[in-house]
> 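Quick one: this structure, given as structure tokens, is what I'll be asking you about.
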Amino acid sequence: MPELPEVEIVTRSLIPILKNKILTNFWTSDKNLRSQLSDYECFILTNKKVKRIFRQAKYLILELDNSWILIHFGMTGKITVSKVEQKVFIANNKHVHCSFQAEDNFLYFQDIRRFGGLYFVERSDEKNLFDSQLPFNFGIEPLSEKFNENYIYLISRKVNMPIKAWLMKGIIAGIGNIYASEALFRAGINPNAKTKSLGIIRMSRLVNSIKFVLTEAIRSGGSTINNYSNIDGEAGNYAKKHMVYGRKDKFCLICNYMLDTKYIAQRSSFYCKKCQKF
DNA sequence: CCGTAGACTTGGTGCT
DNA sequence: CAGAACCAAGTCTACG
């Protein structure tokens, strides 16, 4: 459920399920995730109330009193919700790594590849969580007003790496391989173009493409490549609308030229040589 | 400081 | 049909 749209969809659907609910019965598997709740954290989390549920970058965040639970889905993380306790499900599914109860709902975090993680963070001073020194790289939110062509142009003037590598570094929150590829195609920018070589006009097109692609993906229920589904187990429809991602050896939907694939920053990149000249 | 390569991990797919 | 080989939504680190 990796990129911004997928996390956003899950977050929105968890709001009515978790808002103002008391959390109990935390359980964790003995397998390591990137980060797992400790026994002590499970203990002190018990009986805390969820005040707010929101997404920041690719993290789902549950705000409690002076503390937060951050959930990252890695590549294959998934949350399922049930009205009844699923003891058999946990026993038979080796990929469930955390569960807890929110009054009338039971939540299960599954992660096949275990690149995801759960983090418990307590407020250590008067500052807001996002002003404090956390080991999380949130980046700027691409759907915020602050994210515009002037901003992206200014911070990219000395960047020598390919634009696609830069997009996936996390400076812009929530963009991964799928939406970097799709946004660059719609902006007509070659993924290999040097970032600093792109002028304000190109950057403006890129900003608009990023906002468009992310918004459309959220509207379509996200991109399901293999694992992703929403909390009701339904796949997203946006993968059907991908113009380039995953379309190896297929033809460009605009100009009918054969699409190219190339490794950039150790990720497969899909693009059209003819439509993405800059 | 900047940019790249490797590491972590399990499973699906298409080939020999 | 078993098995090797390659690929995958993401980041964090180590090194030049």
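Labels below follow one simple rule: chain letters A, B, ... track the order of the sequence lines, proteins then strands, and each chain is numbered from 1.
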> Identify, with sequence neighbours excluded, every residue that meets side chain to side chain donor-acceptor pair (under 3.5 Å) alongside A:E8.
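Partners of A:E8 by the side chain to side chain donor-acceptor pair (under 3.5 Å) criterion, ordered by chain and then number, come out as A:R12, A:R55.
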> What string of B, S and - do you get for nucleotides 7-13 of chain B, 5' to 3', when a contact is any protein heavy atom under 4.0 Å?
-BBBS--
> Would you tell me whether A:S269 and A:K262 have side-chain atoms, one donor and one acceptor, within less than 3.5 Å of each other?
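No, A:K262 and A:S269 have no side-chain donor paired with an acceptor closer than 3.5 Å.
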> Taking the minimum atom-to-atom distance to the side chain of A:Y228, which one of C:dC7, C:dG10, C:dA9 wins?
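Output: C:dA9.
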> Taking 4.0 Å as the cut-off, does a side-chain nitrogen or oxygen of A:H72 come that near to OP1 or OP2 on C:dG10?
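Checking A:H72 against C:dG10: no side-chain N or O falls below 4.0 Å of OP1 or OP2.
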> Name the pairs: protein N/O against N/O of nucleotides 14-16 of chain B, kept only if under 3.5 Å.
none

> Would you write the dot-bracket representation of DNA chain C, where each base gets (, ), [, ], | or . depending on whether it forms a Watson-Crick or G-U pair under 3.5 Å and with which partner?
.||.||||.|||||||
> Distances under 3.5 Å between protein N/O atoms and the N/O atoms of nucleotides 1-3 of chain B, please, pair by pair.
from	atom 1	to	atom 2	distance (Å)
B:dG3	OP1	A:N160	N	2.7

> Under the 6.0 Å and 45° cation-pi test, does A:R247 pair with A:F270?
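Ring-cation test returns no.
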> Select base, sugar-phosphate, or nothing to describe what A:Y263 touches, counting heavy atoms under 4.0 Å on all strands.
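Sugar-phosphate: the residue A:Y263, judged by heavy atoms under 4.0 Å, touches backbone atoms but no base.
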> Does anything in residues 173-186 of chain A come within less than 4.0 Å of DNA chain C? Heavy atoms only, and list the residues if so.
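The stretch gives A:G176, A:N177, A:I178 as the residues lying under 4.0 Å from the strand, ordered by number.
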> A:K58 side chain N/O closer than 4.0 Å to the phosphate oxygens (OP1, OP2) of C:dA9?
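So the side chain of A:K58 is outside the cut-off, no N or O lying under 4.0 Å from OP1 or OP2 of C:dA9.
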